[in-house]
Amino acid sequence: MYNQYKLQYETGVLRETASQTAGPFVHIGLALEIAGFESRSDEIWQDLAKENAEGEHIELVGSVYDGNGDLVHDALIEVWQADSHGNYIADFDNKKPFSGFGRSACAMDGDFYFKTIKPGQVQFDGKLMAPHVNIAIFARGINLHLQTRAYFDDEQVANENCPILNSVPSPVRRKTLVAVKEEGDAKPRYRFNIYLQGEGETVFFDF
Amino acid sequence: MNQNTSKISQNYPSFLPRDRSWQPAQYTPGYKTSVARSPRQAFVSLQRASASERSGPTFNGLEIGKFDNDLLMNFRTDGTQAGLPIGERIIMHGRIIDQFGKPVPNTLVEMWQANAGGRYRHKKDSYLAPLDPNFGGVGRCITDADGYYHFRTVRPGPYPWPNGINTWRPAHIHVSVMGPSISTRLITQMYFEGDPLIPLCPIVQVLKDPEAVETMIARLDMSMSKPMDCLAYRFDVVVRGALQTYFEE
C-alpha cells in the first residue's frame with residue numbers, strides 16, 4: 001500500500017509533492033488553443049491588459065533556446081506582475097481591465113507573446129525593486145519549472161538600484177534579466193529571450 | 001516614477017524553502033530531453049522573498065464551466081446525445097494541503113491526460129492508438145473550503161515514447177496546482193497504484209528518493225467508488241507550507 005505522505009526528517013513537516021515535467025502536450029491542459037481545442041467559457045491567456053487598463057501599454061515577447069541554440073517550441077510561459085501602481089492584484093478576472101497573471105506558449109514561430117502594461121515599482125526591504133515581470137517556464141525536459149524575472153532596458157536607474165537585481169553576483173549575468181526594447185507596431189515592445197543553458201544562460205532564481 | 005510606486009503595504013506569507021535535493025535535479029541524463037534544457041549555472045537564491053514571490057493569483061473570477069471537471073461529459077461532440085468516452089470510468093479526487101497539513105481552499109487545480117488508448121488529443125501526438133471522438137482530456141476546478149477537488153474521467157492508457165529503445169510512460173494524469181502564491185506553484189503527474197511501468201519510467205526516475213515517487217501515486221479508494229458505475233482514486237497534493245509571521249523585523 002502506497003502512502004503519499006512523507007515527513008521531512010529535520011522539520012517534521014510534510015514533504016512537498018514531487019514535481020514532474022509538464023511534457024510536450026502541456027497545451028491540452030493549460031493552452032487549449034495551441035493544442036487545437038476550442039476555448040471553454042473562460043481561459044487564462046496572454047492578454048493581461050485591455051485597452052482601458054491604466055498604465056503604459058506594452059508587449060512582452062521572447063523565445064526560449066536550449067543548450068544547442070535550438071528553439072524550445074513546446075515551452076509554456078506564465079507571468080505574474082504588479083499593476084501600474086506597483087500593487088499585486090490577486091483576483092484574476094477577464095472582465096476587469098487588467099489581471100496580473102497570464103500564460104503564453106512558444107508553439108508556432110517560437111515566440112511567446114504578452115499584451116500587458118509596464119508594472120510599477122514594488123517595495124522590498126525599504127527599497128524599491130525596478131519594474132519587473134515574474135516568469136515561470138515549463139516544458140518537456142524541464143523537471144521542475146524554472147523561475148526568472150524580466151526587467152526593462154529603459155529603466156536604467158531603477159535597475160541599478162534594484163536590490164534583487166543587485167543580489168545576482170555576476171554583473172555580466174544581470175544583463176540576461178533585462179528585456180530589450182524593440183520597434184513595435186503600435187505599442188512599445190520588449191524582447192526577453194530565455195537561454196536555458198550555455199552562452200548567455202539566463203539567471204534563474206530559487207525562492 | 002513616484003506615482004508608479006506601491007503605496008499599499010501588504011502582508012504576504014513566506015513559505016518553507018523548496019527542498020531541491022528532494023525535488024528532481026534539472027540535469028537528469030536518463031531523461032534525455034533534460035540534457036540540453038537544464039541550466040548549468042547555479043540558481044540565484046533569494047535570501048528573503050519579496051512581495052513578487054510571496055503573492056499570487058486567485059481564480060474566483062474565472063468562469064468555470066459546468067462540465068469542466070467532468071471529462072466523461074466535456075468533449076461529447078454532439079452534446080448530451082453523443083456517446084461516452086471509451087475506457088475505465090474513474091473518479092479522481094483528493095485534497096490540496098500544505099506542508100503543515102493545512103487545507104488550501106479556493107485554489108485552481110488543472111489536469112490533462114491521454115485517452116484510454118494512450119493517445120493525446122494534440123496536433124503533435126502521432127501515436128497510432130486512435131483518438132476517441134468523445135474524449136478531450138482536459139479538466140479544471142477550484143478546491144472547496146476544505147481543499148478538496150474532484151474530477152470524473154477515464155483511466156488513461158500507457159504509451160511508448162522516444163527516449164531509450166522501447167520506453168513506455170506509465171498511465172498518468174498531469175496535475176497543475178497554483179496554491180496561495182507563485183512560490184507554491186507545482187506541476188506533477190499522478191500515477192496509479194500497482195502500475196508495473198512506474199519504476200521503469202525515465203521520467204519517474206528523475207527522482208532519487210523512492211519516497212518522492214510515492215508522493216505521486218494515487219491509491220485505489222473504494223470508499224468513493226460508485227457501485228455499478230466507477231472506481232475512485234485518491235490523490236492528495238502537498239504544496240509548500242505558509243509560515244506564520246510571529247515576529248516582524
Side-chain angles (χ1 to χ4, degrees), chain A residues 2-4 6 13-25 27-30 32 35-37 40-42 66-68 80 84-88 90-93 100-101 120-124 128-129 134 136 138-145 164 168 196-197 201 203-207, chain B residues 4-6 8 22-24 26 28 33-34 36-41 43-46 49-53 55 57-59 61-63 65 68 99-100 110-112 120 122-123 137-138 174 176 182-183 185-189 193 203 206-207 211-212 214-217 219 236-238 240-241:
Chain A
Y2 289 108
N3 179 1
Q4 280 191 266
K6 307 296 170 190
V13 301
L14 294 170
R15 288 285 197 182
E16 187 186 21
T17 298
S19 173
Q20 294 269 266
T21 178
F25 305 126
H27 313 106
I28 296 173
L30 308 184
L32 280 72
F37 280 66
R40 293 166 292 191
S41 48
D42 201 3
D66 72 10
N68 300 322
W80 172 238
S84 59
H85 299 286
N87 295 316
Y88 283 100
D91 308 323
F92 176 91
D93 192 336
F101 185 72
Q121 291 188 268
V122 179
Q123 293 185 22
F124 175 57
L128 288 173
M129 296 189 283
N134 305 289
F138 302 86
R140 177 171 68 100
I142 296 179
N143 294 319
L144 172 58
H145 61 280
I164 299 291
V168 177
L196 298 179
Q197 186 189 100
E201 186 179 302
V203 168
F204 299 107
F205 292 103
D206 182 22
F207 53 77
Chain B
N4 290 341
T5 298
S6 168
I8 306 172
W22 166 261
Q23 290 290 354
Q26 297 293 332
T28 48
T33 314
S34 77
R37 293 183 171 191
S38 45
R40 289 294 177 274
Q41 299 273 351
F43 289 158
V44 173
S45 296
L46 301 183
S50 73
S52 298
E53 294 79 29
S55 58
T58 56
F59 295 96
L62 184 72
E63 284 176 42
D68 280 6
Q99 288 180 279
F100 297 105
E110 295 161 285
M111 54 83 101
W112 65 100
Y120 283 98
H122 190 288
K123 287 177 190 167
V138 54
H174 296 267
S176 163
I182 63 164
S183 292
R185 185 80 180 93
L186 183 71
I187 290 185
T188 186
Q189 297 181 28
E193 177 182 4
I203 289 178
V206 302
L207 291 152
E211 290 207 335
E214 289 188 24
T215 66
M216 305 186 293
I217 298 175
R219 284 161 296 143
D236 291 352
V237 176
V238 179
R240 290 168 63 184

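Here is how names work: the chains are called A, B, and so on, in the same order as the sequence lines, proteins then strands, and each is numbered from 1. Everything numeric here is computed off the predicted structure, so don't read it as measured data.
Between His122(B) and Pro24(A), the shortest heavy-atom distance links the atoms NE2-O, 4.0 Å. Taking both residues in full, the closest heavy atoms of Ala212(B) and Ala18(A) are given as O-CB, 3.6 Å, listed atom of the first, atom of the second, then distance. What you find for Leu186(B) and Ser19(A) is that their closest heavy atoms are CD1-CB, 3.9 Å. What you find for Ala36(B) and Asn68(A) is that their closest heavy atoms are CB-ND2, 3.8 Å.
The main-chain N or O of Glu63(B) is found under 3.5 Å from a side-chain atom of Ser41(A) such that the two form a donor-acceptor pair. Gln20(A) places a side-chain N or O within donor-acceptor distance of the main-chain N or O of Ile203(B), the cut-off being under 3.5 Å. Panel note: side chain Gln26(B), backbone Leu144(A); a donor-acceptor pair is recorded below 3.5 Å.
Atom CD in Gln4(A) sits 5.5 Å away from atom CG in Asp236(B) (nearest 0.5 Å). Rounding to the nearest 0.5 Å gives a distance of 8.5 Å between CG of Asp93(A) and CG of Leu62(B). Distance OG/Ser55(B) to CZ/Phe101(A): 11.5 Å, rounded to 0.5 Å. Gln99(B) CD to Thr17(A) OG1: the interatomic distance, rounded to the nearest 0.5 Å, is 9.0 Å. Note: Phe205(A) CZ to Ser45(B) OG = 10.0 Å, rounded to the nearest 0.5 Å. How far CZ of Arg37(B) is from CG of Asn143(A): 11.5 Å, rounded to the nearest 0.5 Å.
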What verdict does the side-chain contact (heavy atoms from CB on, under 4.5 Å) test give for His174(B) and Phe25(A), after you've listed the backbone C-alpha separation in whole Å, the side-chain angles of each residue and the deciding distance to 0.1 Å?
CA-CA 10 Å; His174(B) 296 267; Phe25(A) 305 126; over 6 Å; no

Between Ser52(B) and Phe124(A), does a side-chain contact (heavy atoms from CB on, under 4.5 Å) hold up when you go through it step by step?
CA-CA 9 Å; Ser52(B) 298; Phe124(A) 175 57; over 6 Å; no

Checking side-chain contact (heavy atoms from CB on, under 4.5 Å) for the pair Val203(A)/Gln41(B): CA distance, chi angles, key distance, verdict?
CA-CA 8 Å; Val203(A) 168; Gln41(B) 299 273 351; over 6 Å; no

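Residues Arg185(B) and Trp80(A) have side chains not in contact (no heavy-atom distance under 4.5 Å, counting atoms from C-beta outward). By the 4.5 Å heavy-atom criterion applied to side chains, Arg40(A) and Val138(B) are counted as neighbours. Residues Leu30(A) and Ser176(B) form a side-chain contact, since some pair of their non-hydrogen atoms from C-beta on lies under 4.5 Å apart. Looking at heavy atoms from C-beta onward, Glu211(B) lies out of side-chain contact with Arg15(A) at the 4.5 angstrom threshold. The shortest distance between side-chain heavy atoms of Glu16(A) and Thr215(B) does not fall below 4.5 Å.
Of the atoms belonging to Asp91(A), heavy atoms from both backbone and side chain fall under 4.5 Å from chain B. Only the side chain of Val206(B) comes within less than 4.5 Å of a heavy atom in chain A; its backbone stays farther off. The part of Leu207(B) that comes within reach of chain A is its side chain, from C-beta onward, which places non-hydrogen atoms under 4.5 angstrom from that chain. Contact annotation for Gln23(B): only side-chain heavy atoms (C-beta onward) come within less than 4.5 Å of a heavy atom of chain A.
Taking Gly65(B), Gly137(B), Ser183(B) one by one and counting their heavy-atom pairs under 4.5 Å with chain A, the maximum is reached by Ser183(B). The candidate with the highest count of non-hydrogen atom pairs below 4.5 Å against chain A, out of Asp68(B), Val237(B), Thr28(B), Ile182(B), is Ile182(B). In terms of non-hydrogen atom pairs under 4.5 Å with chain A, the most contact-rich of Pro57(B), Ser34(B), Ser50(B) is Pro57(B). For the set Ala139(A), Gly67(A), Ala136(A), Ala35(A), the entry with the most heavy-atom pairs within less than 4.5 Å of chain B is Ala35(A).
Relative orientation of the Phe59(B) and Phe92(A) rings is tilted, given thresholds of 30° and 60° on the angle between their planes.
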